[in-house]
J.: 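Okay, here's the structure, questions in a sec.
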Amino acid sequence: MNYQKPKGTRDILPNEVNVWQFMEEKGREIAARYNYKEIRTPTFEDCSLYKRSVGDTSDIVSKEMYEFTDKGDRKLALRPEGTAGVVRAAVENGLLNNALPIKLFYFSNCFRYENTQKGRYREFSQFGLECFGADGAEADAELIVLIDNYLRSLGINDAILLINSIGCPECRKNYNTALREFASKHYDNLCDDCKRRMNENPLRMLDCKNESCKQIFKNAPSILDYLCPECKEHFEKVKTLLSKAGVKFEIDAHLVRGLDYYTKTVFEFTHAGFDGKILTIAAGGRYDNLVAEIGGKPCSAIGVGTGLDRLKSLVSQNLISNAPLYYIANTDEVEIDNILLIAEKLRKNNYNVEMNLTNRSFKAQMKYANSINADYLIVIGKQELLDGAAAVKNLKTGELQDKINF
Ligand code: ATP
Ligand code: MG
């Protein structure tokens, strides 16, 4: 039997892993710049954590979650998104009892049973950031600016930032009524999911991926007309701060997120570079009620998740510099044992070194050095052994460099 990877998963092969490392390196750099500290949480959690936080009626929980029962009869789920686990860990470990705000970031693989297509997989990776205990608009602006800077550091300068406010539960009461009223006029033309959402969770209808529903909801009432004075003021401040920071944005009054826990500011960075299709590459928002919802003391929060699988296809290889590889060849009259010692010395001096491990002829070694894309060649003959030094040839340009001592 020839095994194949499960549908919706991918192997990241050595020739592309450098892009992943680059995205992670830049992510860690930017996180440090804004004082975010890394957290690592389990790949699976109690199923009920996601039901409670992401929401029972969300697509993620109701259709896409990888749920299982373990041998001890525990109901568990593979992480469908990063925030719930981080909030759980912050509460469980008392992190929110320390001086606030506290800022956490993570690189996590997530699992969702989705229809797979370009940019949509069943296992995917997120670089996520969560800031707890800052309820002012400054925190919203800082996080959005951070993501803007992160994308630019990856060479992505043409993302579009969409922002909206979905208010607090108070503003949403009236809005939900208006939205239900609107949807009921189009009831017969809604997809089955939206028919269900209309009663359970009307806001969800605005996130429907079905084309005909999308057309209908283009004319839906705007939540911005229903914001309470506090939510309105918060949103105005976010906009002012982003403008001051020179970050361009568009207001999308129908932007909601696929998860239930958001309040006030929500945002998405989208990009058109997916075979002409527009996809979201980073998405987040404020979730001031989630910490209390899962058992912590009330604590405001704002977070974002960036989809690394989508970013990966936008990052140019040109930005990535790889450490050079040195190939040490032995001429046919030199014993390999000598090369082993020389290679070790160079490695101790931080050179990346490959050598003749299979007793190849000198000619065959040259072929191998080219096929593994070595950057420099060091040839060790009898004379070089005596000298304790050898010439270094740049295999890309053919030029000779300074001699190397060993
Ligand atoms: P979408 O509307 O595209 O389904 P979402 O609202 O489900 O996205 P979030 O849960 O907010 O997305 O996740 C944040 C980011 O993670 C997304 O913007 C996207 O870049 C990435 N992402 C989400 N689901 C997938 C997936 N199945 N495959 C690859 N990346 C994904
Ligand atoms: Mg989704």
Side-chain angles (χ1 to χ4, degrees), residues 5-10 12 20 23 27 50 53-55 57-66 77-87 105-130 143-144 147-148 150-151 154 156 159-164 166 193 197 201 203-211 213-214 217 252 254-263 265-275 277-287 290 301-315:
K5 56 188 174 302
K7 187 170 178 202
T9 64
R10 280 139 314 129
I12 297 171
W20 289 88
M23 294 189 297
Y50 299 118
S53 56
V54 179
T57 59
S58 66
D59 281 3
I60 294 176
V61 166
S62 64
K63 297 186 192 163
E64 300 170 358
M65 203 148 71
Y66 280 89
L78 295 185
R79 164 173 58 210
E81 58 92 47
T83 303
V86 170
V87 174
F105 79 92
Y106 54 86
F107 287 93
S108 290
N109 48 349
C110 302
F111 306 84
R112 293 183 197 172
Y113 192 78
E114 297 224 50
N115 288 326
T116 57
Q117 48 192 278
K118 184 152 175 85
R120 197 174 290 286
Y121 310 103
R122 291 186 176 169
E123 180 180 14
F124 61 96
S125 292
Q126 286 189 351
F127 165 43
L129 303 107
E130 319 286 347
L143 188 61
I144 293 172
I147 294 297
D148 187 66
Y150 176 56
L151 296 178
L154 300 180
I156 302 168
I160 306 281
L161 167 61
L162 306 174
I163 62 169
N164 190 24
I166 57 169
D193 279 331
R197 290 171 185 138
N201 195 339
L203 217 58
R204 272 285 74 69
M205 296 188 292
L206 298 178
D207 200 30
C208 186
K209 304 281 187 283
N210 184 307
E211 254 334 295
C213 292
K214 274 190 188 170
F217 288 111
D252 177 351
H254 290 151
L255 177 69
V256 293
R257 309 278 318 110
L259 304 83
D260 278 354
Y261 49 60
Y262 288 108
T263 47
T265 316
V266 291
F267 61 92
E268 289 194 357
F269 285 83
T270 65
H271 198 281
F274 299 89
D275 299 340
K277 235 177 126 173
I278 298 172
L279 287 180
T280 304
I281 51 178
R286 185 165 272 290
Y287 53 94
L290 181 59
I302 181 162
V304 63
T306 61
L308 294 177
D309 307 78
R310 295 182 187 178
L311 292 185
K312 190 235 156 197
S313 59
L314 304 174
V315 172

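This is a predicted model, so every value here is computed, not measured. One-based numbering, in listed order, for ligands and for the atoms of each.
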J.: Take the angle between the ring planes of F127 and F107 and call it parallel below 30°, perpendicular above 60°, tilted in between.
T.: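 F127 vs F107 ring planes: parallel.
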J.: Is the count of non-hydrogen atoms from other residues, nucleotides or ligands lying under 6.0 Å from K277 atom NZ greater than 12?
T.: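 No.
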J.: List every atom of ligand 1 that sits less than 4.0 Å from any heavy atom of G305, numbering the atoms from 1 in the order shown and giving each element.
T.: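 The atoms of ligand 1 under 4.0 Å from a heavy atom of G305 are 14 (C), 15 (C).
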J.: Measure the CD1-CG distance between I302 and L143 for me, rounded to the nearest 0.5 Å.
T.: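 Reported value, rounded in 0.5 Å steps: 5.5 Å.
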J.: Write down the atom of Q126, the atom of R112, and the distance for their closest heavy-atom approach.
T.: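 That closest heavy-atom pairing would be NE2-NH2, 4.1 Å.
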J.: Salt bridge check, R197 against D207: does any charged N sit closer than 4.0 Å to a carboxylate O?
T.: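 No, D207 and R197 are not salt-bridged.
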J.: Ignoring hydrogens, just give me the one of R112, E81, E268, Q117 whose non-hydrogen atom is nearest atom 5 (P) of ligand 1.
T.: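 Looking at heavy atoms only, the winner is R112.
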J.: Between ligand 1 and T306, is the shortest N or O to N or O distance under 3.5 Å?
T.: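 N/O-N/O distance under 3.5 Å: no.
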J.: Output yes when the distance from some N or O of ligand 1 to some N or O of R310 is under 3.5 Å, and no in every other case.
T.: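 Yes; at least one N/O pair falls below 3.5 Å.
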J.: Cationic tip of R122 within the cone over Y113's six-membered ring, i.e. under 6.0 Å and within 45° of the normal?
T.: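 Yes, cation above the ring, under 6.0 Å and within 45°.
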J.: Side chain, backbone, both or neither: which part of Q126 comes within less than 4.0 Å of ligand 1 when only heavy atoms are counted?
T.: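 Under 4.0 Å from ligand 1, Q126 contributes side-chain atoms alone.
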J.: With only distance considered, is D309 within less than 3.5 Å of ligand 1 through an N or O on each side?
T.: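 D309 vs ligand 1: no N/O contact under 3.5 Å.
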J.: Using non-hydrogen atoms of the residue, decide whether K209 is closer than 4.0 angstrom to ligand 1.
T.: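 Flag set, K209 near ligand 1.
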J.: Going by the order shown, which atoms of ligand 1 are within less than 4.0 Å of some heavy atom of I281?
T.: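 Counting atoms of ligand 1 from 1, those under 4.0 Å from I281 are 20 (O).
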J.: Only heavy atoms count here, so choose which of F124, Y262, F127, F269 is nearest to atom 31 (C) of ligand 1.
T.: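 The option holding the nearest heavy atom is F124.
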J.: Considering all heavy atoms of both residues, which atom of A282 and which atom of I147 are nearest to each other, and what is their separation?
T.: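 Reported closest heavy-atom pair: CB-CG2, 3.9 Å.
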J.: Which of the atoms of ligand 1 are close to E114, meaning less than 4.0 Å from one of its heavy atoms?
T.: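 Result: 24 (N), 25 (C), 26 (C), 27 (N).
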